[in-house]
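For reference, the structure discussed in these notes is given below.
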There are 2 protein chains.
Amino acid sequence: MRPAVEQVIQSLRDEILSGAITSGTRLGEAELAGRLSVSRTPVREALSRLAAEGLVELTPHRGARVASWSEEQLREIFELRLRLEPYAVRQAVPRLNAHQLDELDELAEAMIRYRDVGRLVELNRRFHGMFIEAAGSPPLAGALKAVTHAAVVHQNFADYTPDAMHRSLNHHVEMVAAARAGDGDWAEAVMRAHLYNARATMIGGNQ
Amino acid sequence: MRPAVEQVIQSLRDEILSGAITSGTRLGEAELAGRLSVSRTPVREALSRLAAEGLVELTPHRGARVASWSEEQLREIFELRLRLEPYAVRQAVPRLNAHQLDELDELAEAMIRYRDVGRLVELNRRFHGMFIEAAGSPPLAGALKAVTHAAVVHQNFADYTPDAMHRSLNHHVEMVAAARAGDGDWAEAVMRAHLYNARATMIGGNQ
DNA sequence: CTCGCGCCGATTGCATGCAATCCTTGCCCT
DNA sequence: AGGGCAAGGATTGCATGCAATCGGCGCGAG
């Protein structure tokens with residue numbers, strides 16, 4: 001059995017990313033410990049690590065809250081992603097093997113089929129994550145993890161207009177096609193368009 | 001008195017960044033707890049957070065070690081910095097007030113005077129940190145913290161040739177001049193040159 | 001002589017207990 | 001009646017104790 005703290009992190013991450021815990025809700029150590037059937041010690045450590053990842057905000061003596069992002073912060077996050085993710089895709093393309101390309105295809109198609117938002121977020125996370133992983137740069141992956149894994153996507157995925165969603169899904173498919181053709185320039189350009197599309201929707205469509 | 005865990009984090013960070021603890025040395029929980037006169041619990045938490053920051057590597061059941069970087073990882077880190085820091089400087093320039101500009105001048109001049117490597121690293125960290133802070137983007141700051149605060153700089157600062165060091169120090173002065181003139185383009189270009197200069201030295205000059 | 005297996009010390013990981021701090025609520029004073 | 005203050009409750013933060021796991025070492029077999 002894996003260490004308990006990892007279990008707690010996994011559980012909390014899943015619950016946050018899937019939207020089971022809404023942004024801003026209070027996370028008491030005792031409550032979580034009881035719910036997950038562990039002591040407060042691993043919960044403490046898990047919260048600490050998640051705070052460093054940016055998923056929860058940790059204020060001294062006031063407990064932890066699920067992080068939320070202002071519109072301004074969303075702009076900044078997309079500015080960051082625009083500077084890193086296209087580059088990551090470009091680096092990833094020549095390193096993807098046939099098996100990974102097939103998996104990317106499956107993910108892209110699965111996203112077209114599924115209409116459930118939570119599932120969509122998870123598939124999207126894995127899709128982007130595969131490129132980031134394949135880029136083969138731990139520092140790059142670390143920098144992007146904080147802003148990609150984040151609940152950011154979920155927070156505003158529901159705000160996509162049908163048109164924007166359609167474009168987004170098509171971008172995924174086109175990106176895999178570009179990768180399969182070994183054309184890094186193409187894939188990079190598609191990712192850039194993908195992010196601009198997402199940014200425009202997010203900024204325009206939320207409160 | 002501030003929470004103990006913060007003290008531990010501060011102490012460890014200082015010791016690592018100042019080079020008092022060499023890269024790769026083992027960090028036992030009991031040893032640290034005894035040395036810092038606290039229990040193992042805050043040490044544990046501190047190590048966890050520093051691991052998330054990338055300063056220490058934490059392997060299950062094998063304790064923590066001060067992180068070290070291969071030449072390949074250094075390349076990747078500079079690739080990352082090249083994509084983020086010039087942008088950060090550009091964003092920072094219009095937001096810098098007179099007081100901050102004076103402080104930057106002082107830092108740049110202090111770096112010319114001091115010849116001690118440890119002191120130089122600290123001043124350099126504060127110099128870059130001020131621009132990153134002034135950029136006003138928490139996500140950007142978070143992404144850069146992992147690769148700038150890191151012992152990376154110290155690990156290879158000693159490898160600078162006299163010429164490269166001279167150029168580097170001049171870059172700092174020029175950057176402040178550009179910032180004072182309110183010319184974001186200029187400052188951004190200088191930062192880019194600054195990083196290329198550092199990268200070339202690092203890659204050429206170490207084992 | 002070398003390789004493999006099992007035991008032992010050491011370290012990590014988790015649970016629980018206690019003290020310090022903070023938020024809340026009710027009361028008193030103005 | 002409104003504001004400030006103090007006491008109570010609850011929660012966090014830290015220390016310590018115990019069990020589980022890992023690395024090292026010696027012994028025995030091939």
Side-chain angles (χ1 to χ4, degrees), chain A residues 1-16 20-68 138 142 145 149 151, chain B residues 1-16 20-68 70 138 142 145 151:
Chain A
M1 180 172 169
R2 292 244 312 264
V5 63
E6 311 258 347
Q7 301 271 2
V8 177
I9 291 180
Q10 193 69 21
S11 299
L12 282 178
R13 203 202 305 270
D14 287 349
E15 285 183 323
I16 293 176
I21 307 179
T22 68
S23 286
T25 46
R26 200 165 177 292
L27 298 172
E29 290 184 6
E31 172 204 352
L32 292 174
R35 191 152 60 80
L36 298 174
S37 301
V38 292
S39 163
R40 273 174 38 224
T41 309
V43 171
R44 230 181 134 58
E45 187 168 338
L47 287 177
S48 231
R49 288 208 217 173
L50 290 174
E53 248 179 66
L55 271 179
V56 304
E57 288 172 342
L58 204 56
T59 56
H61 283 288
R62 293 192 54 187
R65 308 182 82 86
V66 178
S68 62
K145 194 162 289 182
H149 275 210
Chain B
M1 179 175 170
R2 291 244 313 265
V5 62
E6 310 257 348
Q7 301 272 3
V8 176
I9 291 180
Q10 193 69 21
S11 299
L12 281 178
R13 203 202 305 269
D14 286 349
E15 286 183 323
I16 293 176
I21 307 180
T22 67
S23 285
T25 46
R26 197 165 178 293
L27 297 172
E29 290 184 6
E31 171 205 354
L32 292 173
R35 191 152 60 82
L36 298 175
S37 302
V38 290
S39 163
R40 273 173 38 221
T41 307
V43 171
R44 235 182 126 56
E45 188 169 337
L47 288 177
S48 234
R49 289 208 217 172
L50 290 174
E53 244 180 71
L55 271 179
V56 304
E57 288 172 343
L58 202 58
T59 56
H61 283 288
R62 292 191 55 187
R65 310 182 79 86
V66 179
S68 62
S70 66
K145 193 164 287 182

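Labels below follow one simple rule: chain letters A, B, ... track the order of the sequence lines, proteins then strands, and each chain is numbered from 1.
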### Query
Is any side-chain N or O of A/Arg44 closer than 4.0 Å to OP1 or OP2 of D/dG13?
yes
### Query
Within the structure, does a side-chain N or O atom of A/Ser39 lie under 4.0 Å from either OP1 or OP2 of C/dC14?
no
### Message
Set out, in order, the CA-CA distance, both residues' side-chain angles and the distance that settles side-chain contact (heavy atoms from CB on, under 4.5 Å) for A/Leu12 and A/Leu47, then state yes or no.
### Response
CA-CA 9 Å; A/Leu12 282 178; A/Leu47 287 177; 4.0 Å; yes
Please give, in whole Å, the distance from [N] [atom2] to [X] [atom1]?
X: A/Leu36; N: C/dA15; atom1: CG; atom2: C1'; result: 15 Å
X: A/Arg40; N: C/dG13; atom1: CZ; atom2: C1'; result: 16 Å
X: A/Ile9; N: C/dG13; atom1: CD1; atom2: P; result: 12 Å
X: A/Leu27; N: D/dT12; atom1: CG; atom2: C1'; result: 14 Å
X: B/Glu45; N: D/dC14; atom1: CD; atom2: P; result: 7 Å
X: B/Glu29; N: C/dC14; atom1: CD; atom2: C1'; result: 11 Å
X: A/Arg65; N: D/dT12; atom1: CZ; atom2: P; result: 12 Å
X: B/Gln7; N: D/dA15; atom1: CD; atom2: C1'; result: 17 Å

### Side-chain ion pair, A/Arg35 and A/Glu15, N-O less than 4.0 Å
yes
### Task
May I ask you to say whether A/Arg65 pairs ionically with A/Glu57, meaning some side-chain N is under 4.0 Å from a carboxylate O?
no
### Query
Are A/Arg49 and A/Ile9 side-chain neighbours, meaning at least one heavy-atom pair lies under 4.5 Å?
yes
## Note on the structure
DNA chain C nearest-nucleotide lookup for A/Ser37 and B/Ala64: closer to the 5′ end is B/Ala64
### Summary
Among the nucleotides D/dT12, C/dT12, C/dC14, whichever has the atom closest to the side chain of A/Pro42 is C/dC14
